[in-house]
Number of protein chains: 2
Amino acid sequence: MESLNIGDAAKASGVTAKMIRHYEDIGLMPKVRRTMSGYRMYSAQDVHMLRFIKHSRNLGFSMKQIEALVGLWRDTRRPSSKVKALAIEHIAELDQKIRELQTMRATLNRLVHACHGDDRPDCPILDELAVDAVTTPNGDGVAGTVKKRKGKSCEHDCH
Amino acid sequence: MESLNIGDAAKASGVTAKMIRHYEDIGLMPKVRRTMSGYRMYSAQDVHMLRFIKHSRNLGFSMKQIEALVGLWRDTRRPSSKVKALAIEHIAELDQKIRELQTMRATLNRLVHACHGDDRPDCPILDELAVDAVTTPNGDGVAGTVKKRKGKSCEHDCH
DNA sequence: ATGAACCTTACCATCATGGGAAGGTCAAGC
DNA sequence: GCTTGACCTTCCCATGATGGTAAGGTTCAT
């Protein structure tokens, strides 16, 4: 069994040494064996797991979700339905987040188009931010206004 | 000049008392006057500023950006171009983030569709997460694969 | 044997927010 | 007046994922 020290495991997995130690701290990675001088030693399997974690992070899964995914991965008697459910749940989270950001973007884009952007101080952007209404994130008002327009949408041209 | 205590200012602005104090700590809000017993007193103008901050947060601006926005708001000789530039920059950030999330979503959706989601352990989702390749966030591979498909996109149906 | 390049732990920072403890204040009701 | 509950104050800690740095030990090639 050949094994890698943490730096080489980092290079081989794409996870920084810092984060590898962190995953060990929070119990996501097992405590690996050490050399006599205390250096961590990573097997090919450990590195494989690090890559699994890395891929999962790349897809935006949280640590908690990854813990569950790793559990299912190691359980050879898992029902794939459980994995699928996790993924679907995460898609819903992503959709939620995307919608929020798009709402912000739409409002901001509308304001940007209304602003002359010249040397004078008049500014519809500031006007809207200074509007005298209590708003909730994504409620009505400043962040929630998405007007239906006739004609072409200009949601995507901002300069 | 009537003034509100922090709780009423919170209700009137939509910013929690906790955050109002925090904004004072970090210098975003000025240090307001106090009653003899040390209670903070908020004027209508202070509350107005809190709402400005709240609106800005609702649009996803960072504290640093809001500091700049507040500065421009108070500067009656500001060029609106500066405000617009800030807003455009923020739109670019939002676009970046939206793209990242959409890439994740697309990959995940593809995997979800490939997974039977039954009682058996075979699972393309786990297979892909366990793939033996080092990936970067949004690079090629697990999080970066967005295949062009012929026929209808199914990027938005996940159940 | 020396120096570079690694490893170890431990602490602090980010960003915006929330929670809680310990203690002071205020107003209403008795 | 006194109690009670709802406020206020400051201070510290936690989140989630990541990065930084410092102080000290190890390994290896020159």
Side-chain angles (χ1 to χ4, degrees), chain A residues 3-29 31-42 46 50 53-70 90 93-94 97 100-101 104 136-138 143, chain B residues 3-29 31-42 46 50 53-70 90 93-94 97 100-101 104 136-138 143:
Chain A
S3 55
L4 304 166
N5 67 23
I6 200 169
D8 293 335
K11 275 167 210 152
S13 66
V15 179
T16 63
K18 200 90 193 179
M19 290 313 296
I20 296 177
R21 293 193 196 97
H22 179 62
Y23 293 156
E24 185 184 313
D25 283 347
I26 64 175
L28 181 55
M29 284 290 293
K31 299 203 173 181
V32 296
R33 275 172 308 143
R34 305 283 188 120
T35 64
M36 274 167 301
S37 53
Y39 284 24
R40 289 172 179 79
M41 295 190 300
Y42 293 88
D46 293 326
L50 284 170
I53 293 171
K54 177 72 175 173
H55 294 334
S56 303
R57 285 291 305 137
N58 285 350
L59 288 181
F61 285 103
S62 69
M63 291 295 111
K64 196 160 283 193
Q65 289 171 321
I66 294 174
E67 231 174 290
L69 285 172
V70 166
H90 183 43
E93 293 166 3
L94 289 173
K97 192 72 194 165
E100 283 173 20
L101 296 181
M104 292 176 184
T136 53
N138 269 306
Chain B
S3 56
L4 304 167
N5 66 22
I6 201 169
D8 293 336
K11 276 167 210 152
S13 66
V15 180
T16 63
K18 203 89 191 178
M19 289 314 295
I20 295 177
R21 293 194 195 95
H22 179 61
Y23 292 158
E24 185 185 311
D25 283 347
I26 64 175
L28 181 55
M29 284 290 293
K31 299 203 173 180
V32 295
R33 273 173 310 142
R34 305 284 188 120
T35 65
M36 273 167 301
S37 54
Y39 284 25
R40 290 172 179 81
M41 296 190 300
Y42 292 89
D46 293 326
L50 284 171
I53 294 171
K54 179 71 174 171
H55 294 335
S56 304
R57 285 293 304 138
N58 286 350
L59 288 180
F61 284 103
S62 70
M63 291 294 112
K64 196 160 282 194
Q65 289 171 321
I66 294 174
E67 230 173 291
L69 285 171
V70 166
H90 184 42
E93 293 165 2
L94 290 173
K97 193 72 193 163
E100 284 172 20
L101 296 181
M104 292 176 185
T136 52
N138 269 305

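Any value given below was found using the heavy atoms of this structure, including those in side chains, with hydrogens, waters and symmetry copies removed. Just so it is clear, the structure is predicted and the values come from calculations on it, not from any experiment. Letters A, B, ... mirror the listed sequences (proteins, then strands); counts begin at 1.
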Please figure out whether H22(A) or M36(A) has its closest DNA chain D nucleotide nearer the 5' end. H22(A)
CA sep, side-chain torsions, deciding dist, call: L50(A), K54(A), side chain to side chain contact (heavy atoms under 4.5 Å, CB included): CA-CA 6 Å; L50(A) 284 170; K54(A) 177 72 175 173; over 6 Å; no
NA contact type, M19(A), heavy-atom cut-off 4.0 Å: base, sugar-phosphate, or nothing? base
At what distance, to the nearest 0.5 angstrom, does CE of M19(B) lie from CD1 of I53(B)? 9.5 Å
Tell me the interatomic distance from I20(B), atom CD1, to dC7(D), atom P, rounded to whole angstroms. 14 Å
Length of the line joining K31(A):NZ and dT9(C):P, which is rounded to integer Å: 9 Å
To the nearest angstrom, the NZ-P distance between K18(A) and dC7(C) comes to 12 Å
Testing dT18(D), dT10(D), dC6(C) for proximity to the side chain of M63(A), the answer is dT18(D)
Y39(A) side-chain proximity, nearest of dC7(D), dG25(D), dT9(D): dG25(D)
Side chain of K11(B), heavy atoms from C-beta onward: which of dA16(C), dC7(D), dC8(D) has the nearest atom to it? dC7(D)
Nearest heavy-atom approach of R40(B) to V32(B) is CB-CG2, 3.7 Å
Where each residue is assigned the nucleotide of DNA chain C containing its nearest heavy atom, which of S37(A) and R57(B) is assigned the position nearer the 5′ end? S37(A)
Ignoring backbone atoms, test whether R34(B) places a side-chain nitrogen or oxygen under 4.0 Å from the OP1 or OP2 oxygen of dT10(D). yes
When you measure only distances, ignoring hydrogens and angles, does the side chain of K64(A) come within 3.5 Å of the base of dG16(D) through a donor and an acceptor? no
Separation between CD1 of I26(B) and NE2 of H22(B), rounded to the nearest 0.5 Å: 4.5 Å
What is the separation between atom CD1 on I26(A) and atom P on dG16(D), rounded to the nearest whole Å? 9 Å
Whether the side chain of H90(A) engages the backbone of Q65(A) through a donor-acceptor N/O pair (distance < 3.5 Å, no angle test) should be reported. no
Using a cut-off of 4.0 Å on non-hydrogen atoms, how would the nucleic acid contact of T35(B) be classed: base, sugar-phosphate, or nothing? nothing
Using only side-chain N and O atoms of Y23(A), determine if any of them is under 4.0 Å from OP1 or OP2 of dT18(D). yes
Nearest whole Å is fine: how far is dT9(D) C1' from Y42(B) OH? 12 Å
Is the phosphate of dT18(D) approached by T16(A) (side-chain N or O, under 4.0 Å from OP1 or OP2)? no
D25(A) atom CG is separated from dC11(C) atom P, nearest whole Å, by 12 Å
Could you state the CG-C1' distance from L28(B) to dA16(C), rounded to the nearest angstrom? 12 Å
Rounded to whole angstrom units, what separation is found between the CZ atom of R40(A) and the P atom of dT27(D)? 15 Å
